[in-house]
Structure formats: structure tokens, C-alpha cells
Amino acid sequence: MPNPDQRHPLARALTFRLQKPGYVELVFALVLIWGFGDATSTLFAARFAGAGLEANPWIRLLLRHYPMAVILLKGATVLYVGIVLLECRRFVESLPWWRAWLLAVVATGTLVVLGNVYVGLLAAAA
């Protein structure tokens, strides 16, 4: 492999490094996706598709009677989880594959949010 300084200037300009996300960044992403993203996308899907499609019976009940309570419940829950994860940082980072686990939780949350938005968009188009 050639020395990085001997490469074409365009190749040097297009070179970048991916850094592993840090612990706090992953916890923040988890709180953002599972808190704000899931709550707002759930309300979006329920607005257009109806609360009956919600899989969680407790959230379905809240959506029917107190939709804004969904935001409070999900936000409070994920905020608590975020605080616990930050307080337990030393322990979590001592576990093998902790970064992969947190990335998987964030990725799963992203899929849930995308699923909610998809359901909402399908119902809105119908």
C-alpha cells in the first residue's frame, strides 16, 4: 500500500476515518431514538392508522384516551434508562461486546421508528 502522502490529491481529500461511537454518544442516541423518535412516530401512526394497530396494550389504551401521555410515559422511561446507563457506565463498559449491544438497541429503535412512519404514511395515503 502506498504511503498516504504519495497518493493522488483527490484520493487524499476523499479519505476519511470512521471512529467508533463513544459510550455517551450511544446512550444519547438510544434516548433520542427510543424517546423522541418512538413517541412521535407512534403518535403519527396512531393519528392516521388508528390506535388499534399499536401492539402494546398499555400504549394502545393511552393512545385512545390520553395521547399526550404517551410522550410523557415514553420520555420518562427512556430518560430513566439513560440515567441508569450513564451511572452504570463503568460496569457496562467492562462487559464484552457492550458497544455492539448498544448499537443493536439503537438500530432496533430506528427500525421501530421507521416502521411507525411507514404505517402512518400508508394509512395517510389510503
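Only this structure's heavy atoms are used, side chains among them; waters, hydrogens and symmetry mates stay out. Numbers here are sequence positions counted from 1.
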Measure the [atom1]-[atom2] distance between [X] and [Y] for me, rounded to the nearest 0.5 Å.
X     : Y     : atom1 : atom2 : value
Tyr66 : Leu72 : OH    : CG    : 13.0 Å
Leu43 : Ile71 : CG    : CD1   : 4.5 Å
Arg64 : Leu62 : CZ    : CG    : 11.5 Å

Please report the shortest heavy-atom distance between [X] and [Y], naming the atom on each side.
X      : Y      : value
Pro21  : Leu103 : CG-CD2, 4.2 Å
Val119 : Ala45  : CG1-CB, 4.3 Å
Val113 : Gly37  : CG2-C, 3.4 Å
Arg60  : Ala55  : NH1-O, 3.8 Å
Ile33  : Thr110 : CG2-N, 3.5 Å

Exercise for review: Enumerate the residue pairs fulfilling side-chain hydrogen bond (donor to acceptor under 3.5 Å, both in side chains) with a member in residues 115-126, sequence neighbours excluded, ordered by first and then second residue.
Suggested key: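 As it turns out, the side-chain hydrogen bond (donor to acceptor under 3.5 Å, both in side chains) pairs with a partner in residues 115-126, which skip direct neighbours, are Asp38-Asn116, Ser41-Asn116, Thr42-Asn116.
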Review point. Which residue pairs pass the side-chain hydrogen bond (donor to acceptor under 3.5 Å, both in side chains) test when at least one of the two sits in residues 88-104, sequence neighbours left out?
Key: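 Qualifying pairs: Arg89-Glu93.
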Exercise for review: State whether the side chain of Glu25 and the backbone N or O of Gly22 hold a donor-acceptor pair below 3.5 Å, judged by distance alone.
Suggested key: yes
**Study point:** Side-chain donor or acceptor of Trp34 paired with backbone N/O of Thr77 under 3.5 Å
**Key:**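 No.
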Would [X] end up clustered with [Y] when hydrophobic side chains under 4.5 Å apart are linked, directly or stepwise?
X      : Y      : answer
Val78  : Tyr23  : yes
Leu86  : Val106 : yes
Val105 : Val24  : yes
Leu85  : Phe28  : no
Trp58  : Leu63  : no

**Study point:** Pairs meeting criterion ring-ring contact (aromatic ring centres under 6.0 Å, His included) with involvement of residues 35-55, two or more places apart
**Key:** Phe44-Phe48
Point to revise | Trace of the side-chain contact (heavy atoms from CB on, under 4.5 Å) decision for Val70 with Ile59 | key: CA-CA 7 Å; Val70 171; Ile59 299 298; 4.3 Å; yes
Practice item. Take Val27 and Val81 through the side-chain contact (heavy atoms from CB on, under 4.5 Å) test and state the conclusion after the steps. Key: CA-CA 9 Å; Val27 171; Val81 168; over 6 Å; no
**Study point:** Within 6.0 angstrom of Arg47 CZ, more than 12 heavy atoms from elsewhere
**Key:**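 Open: at most 12 neighbouring heavy atoms sit under 6.0 Å from CZ of Arg47.
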